[in-house]
> 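Questions regarding the structure given below will be posed in turn.
No experiment lies behind these values; they were computed from the predicted model shown.
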Amino acid sequence: MTEPITTYKTSGNIEIIRADFPILSRKVNGKPLIYFDNGATSQKPKSVIDALDNYYSNQNANIHRGVHTLSQEITLDYENARTTIQKLLNAAYSHEIIFTKGTTDGINLVATSFGKRYVGLGDEIIVSAMEHHSNILPWQQLCDEKGAILKVIPINDAGELQLEEFKKLVNSKTKMVAISHVSNTLGTINPIKEIIKLAHAKNVPVLVDGAQAVPHTIVDVQELDCDFYCFSGHKLFGPTGIGILYGKEKWLNAMPPYQVGGGTIKTVSFEKTEYADPPLKFEAGTPHIAGAIGLAAAIDYVNAIGLNTIASYEYELLTYATEALQKIDGLKIIGTAKQKASVISFIVDGLHPFDIGTILDQLGIAVRTGHHCTQPLMARYGISGTVRVSFAFYNTKYEIDEFIEGLQRAIKMLK
Ligand code: C6P
């Protein structure tokens, strides 16, 4: 890179922000790293790395199990982390926040536990055509087990949900609507508030897969009135292996435990077990304590910048990159919804996404290629995969210029 990143006007001081992320100063294949695969996982600020280091160096103990000082201290920090997440989502109670392994784990929890109690033969579950496999397979498996039916909300060519079709799908047999807030492949921001309202009008609960939304936008679960909301810590600048399931108190009280074991109980005898109240009822075994602490540190970091600032800066990046990509001959953007997050998928006539990704990698530019765990969506567009760039607040327009130049080089080489 020849030009300093500060050349570009941004909503904050981008150079200071980038310096917080150690990995952003490394080279890949001899070139400065340009990381445009934030949809897969985001990079971690030093404060998160330090929080993990501090936990293992100074705080390591198990939670909810000891009278000794270390255990008491870390139990407090772990529960404070839960409160940090409660505030992030504006949940009514901290016991509505369940620590999970990630979005996939949270959806599996609800499909299994809610499904066991509420779904039976001939019932229906609604998902959409743009769902990630993690928000299809748990429901598909539940339907197979129970003899229930999976229904799919179609999308238009721009990658927007067809709400009129959705209205026709919801009926007295519908037991759950499971829908992504933001599509990981198309970038579409779905009108989930409207979907929730329509579903609730027929007494149907809604689970929102927020994996691609929480890093980019303010989420208020009370305002949305969703029944469940899941996300992954690692996409929110936190550690891998930690995630969140928000569930309305009334559901969490009514649902049976997902996994059982240490930590989930009030009393156990060989004849009968009385389970703990939420959230502990759903957190079997020793949890990812460091992960919870690291996630809280990540949220503190994001809050210090402000999710509104992040959203408007990322919108600038999205617009800038979209305009540049649209000028490239033979390139087609897959996903042109009116409301989009900072995700762009595209294909280039006659070229395989994998080959483009490989050449970009040689230039130090990390993009994702393939079906992005959305094979039914690929089938909807009649393609096998795309190249996907997904931005975070530490990316810059200068990096986008470098990427566009690299892409043009790749196209020239491959044609
Ligand atoms: N999408 C991507 O590159 P986990 O793996 O549990 O943290 O997240 C699963 C998941 C669920 N829903 C959506 C909308 C997602 O985008 C993802 C993860 C990554 O797009 C990895 S496939």
> Regarding Asp53 and Asn58, is there a side-chain donor-to-acceptor distance under 3.5 Å anywhere?
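No donor-acceptor contact under 3.5 Å links the two side chains.
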> Would you confirm whether the ring centroid of Tyr394 sits within less than 6.0 angstrom of the ring centroid of Tyr313?
no
> Could you check whether Asp77 and Gln59, counting side-chain N and O atoms only, form a donor-acceptor pair closer than 3.5 Å?
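The criterion, which ignores hydrogens and geometry beyond distance, is satisfied for Asp77 and Gln59.
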> Looking at Tyr78, Phe99, Tyr56, which one forms a side-chain contact (heavy atoms from CB on, under 4.5 Å) with Ile289?
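The option that passes is Tyr78.
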> Answer with yes or no whether the side chains of Thr374 and Thr185 bring together a donor and an acceptor at under 3.5 Å.
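Distance-only check passes for Thr185 and Thr374.
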> Would you please say whether a donor-acceptor pair under 3.5 Å links the side chains of Asn38 and Ser390?
no
> Would you say the side chains of Thr41 and His234 form a donor-acceptor pair under 3.5 Å?
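The answer is yes; a qualifying pair exists.
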> Is it the case that Thr386 and Ser345 place a side-chain donor and acceptor less than 3.5 Å from each other?
yes
> Which residue is it: Leu150, Val177, Ile149, Val204? I am looking for the one with a side-chain contact (heavy atoms from CB on, under 4.5 Å) to Glu124.
Ile149
> Does a side-chain heavy-atom distance below 4.5 Å link Tyr35 with Val28?
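No, too far: nothing below the 4.5 Å cut-off.
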> Quick check on side-chain hydrogen bond (donor to acceptor under 3.5 Å, both in side chains): which of His181, Lys248, Glu96 does Tyr229 satisfy it with?
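Looking at His181, Lys248, Glu96, the match for Tyr229 under the side-chain hydrogen bond (donor to acceptor under 3.5 Å, both in side chains) is His181.
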> Return yes if a side-chain donor-acceptor contact under 3.5 Å exists between Glu316 and Tyr320, otherwise no.
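No, Tyr320 and Glu316 have no side-chain donor paired with an acceptor closer than 3.5 Å.
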> Applying side chain to side chain donor-acceptor pair (under 3.5 Å), which residue pairs with at least one partner in residues 356-370 are found, sequence neighbours left out?
Asn29-Asp361
> Is the cationic atom of Lys44 (NZ for Lys, CZ for Arg) positioned less than 6.0 Å from the six-membered ring centroid of Phe237 and within 45 degrees of its normal?
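Verdict for Phe237: no cation-pi partner in Lys44.
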> Does the side chain of Tyr258 come under 3.5 Å of the side chain of Asn108 through a donor N or O and an acceptor N or O?
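Absent: no donor and acceptor within the cut-off.
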> Strictly distance-based, threshold 3.5 Å: is any side-chain N or O of His68 a donor or acceptor partner for the main-chain N or O of Ser71?
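Such a contact is found between His68 side chain and Ser71 backbone.
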